[in-house]
Amino acid sequence: MKPQLFTNVRIFDGEGTAPFPGEVLIEGNRIKTVAKGGGLARDGAEVVDGGGNTLMPGMTEAHSHITFTNIGKLKELGEIPQEEHLLLGLEFAKLLLDSGFTSLYSAASAKLRTEVVIRNAINAGRFPGPRLRAASPEITSTGGLGDERQDHMYHTGIELIADGADAVRTTVRHCIREGVDTIKINISGDNFVKRKFGRECSYTDAEVQAAAEEAHARGVYLACHARANGAVKLALKHHFRVIYHCDFIEGETYDLLEEQKNDVFLAPAIGIIYTTAYEAEPWGINKAVADHMEMYTMLENCSKTYGELRKRGMRILPGGDYGFAWNPLGTNARDLEHFVNIIGFTPAEALSAATKLGGQIMDIPDLGLIKDGYLADLLLVRGNPTENVKILQDRDNLIMIMKDGAYHKRPGAAAETTQKAKQVVSVWE
Ligand SMILES: [Zn+2]
């Protein structure tokens, strides 16, 4: 492909500052030059008139689950055969790219090898999809979040059950052997399940330590599900890189988090809390049930906790556990709106968290900004998302999607995605 020259665009470069008019030249898979105001030479380049729209970096989903296939209950994920599950994962990977997410930092795969295989297939150019940091399944204890077994009832699910430090160590080694980029371990319980134990730890210090030692020694990333205060403290003690949720933190935990602010990424995953609170009634979660699950308390906490963590300079990223029936994949950009409405980010700050910080959590050099020499993951967006992040929720507003210098959606191309994803869902229905 000839070098591509985007002209007549307003550039949001990912830093969080106001967009500015300019031109951007793409050569190969990189941004060659960003020119404020414009004036770049046209020779040899294909000129793409952006029509005054906004050019911004592709977004990162920091808590993605492309193999959570819009199910009503976690248990259902264990009822999808491997083959159908892989197809669904590929479809949803593409749907997220169609939705403006050029990078996914996974917060668990439903089956051990599924995301690893999808990542490899995308990287080999065999299927379209975002950059993917593939995760292990949820590593959990007996009775922990994700353990959907029941006595006398045969069931395999999404869980990898490991009790005791030695078993945790073996499980982490097993996942690493199969090629995951990141280990996900459920240190606390959750309020979304019947037992409602979001404030309790489900792993001991020794078990968490075993997971951390293996992950650190073998150079894979380490992420955890941690709603309980004690769980966040364990994660910090053992130097987890990504800590999800933090709903019930208190006291010195704020200071402990701040001490590690340059090493830790946080993602509250507001999407699932919000939709469970307000939009899940057709799935049996009415206001009373949602209240029992403490969804309204958790939303209030989100606002307070993350308001404070934001002031302390923590890196907080959008990504909201999309993949449940009432919080479906493809609607992931809603998390940016939640950041604005619930935590109090400005739209530009929410966008910067999804782009600049996205590049950082992906740990890919030169990703997440529109800047000379950076990787060309770009969106051309109809309108100005720094005034209203909601426009990102409509795929029709994504005029152009580019990943690694290649067009996924050319300007002027019609969106054709949603239908396809639905067809594949019908494979297992
Ligand atoms: Zn999750």
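We count ligands from 1, going down the list as the structure has it; atoms in each ligand are counted the same way. Scope of the values below: all heavy atoms of this structure, side chains included, with no hydrogens, waters or symmetry mates. Nothing fancy with the numbering, it's 1 onward along the sequence.
With sequence neighbours left out, Tyr278 forms a ring-ring contact (aromatic ring centres under 6.0 Å, His included) with Tyr274, Tyr296. Remark: His245 pairs with His63, His225 by the ring-ring contact (aromatic ring centres under 6.0 Å, His included) rule, at least two apart or across chains. With sequence neighbours excluded, the residues satisfying salt bridge (charged side-chain N to carboxylate O under 4.0 Å, His left out) with Arg169 are Glu213, Glu214.
A salt bridge links Arg30 to Asp366: at least one charged side-chain nitrogen sits closer than 4.0 Å to a carboxylate oxygen. Ion pair Arg241/Asp263 not flagged as a salt bridge, since none of the NZ, NE, NH1 or NH2 atoms sits closer than 4.0 Å to an Asp/Glu carboxylate oxygen.
The two residues Gly320 and Glu61 come nearest to each other via the heavy atoms N-OE2, 3.6 Å.
Annotation: protein N, O or S atoms under 2.8 Å of the Zn ion (ligand 1) (waters excluded) comprise His63 NE2, His65 NE2, Asp321 OD1.
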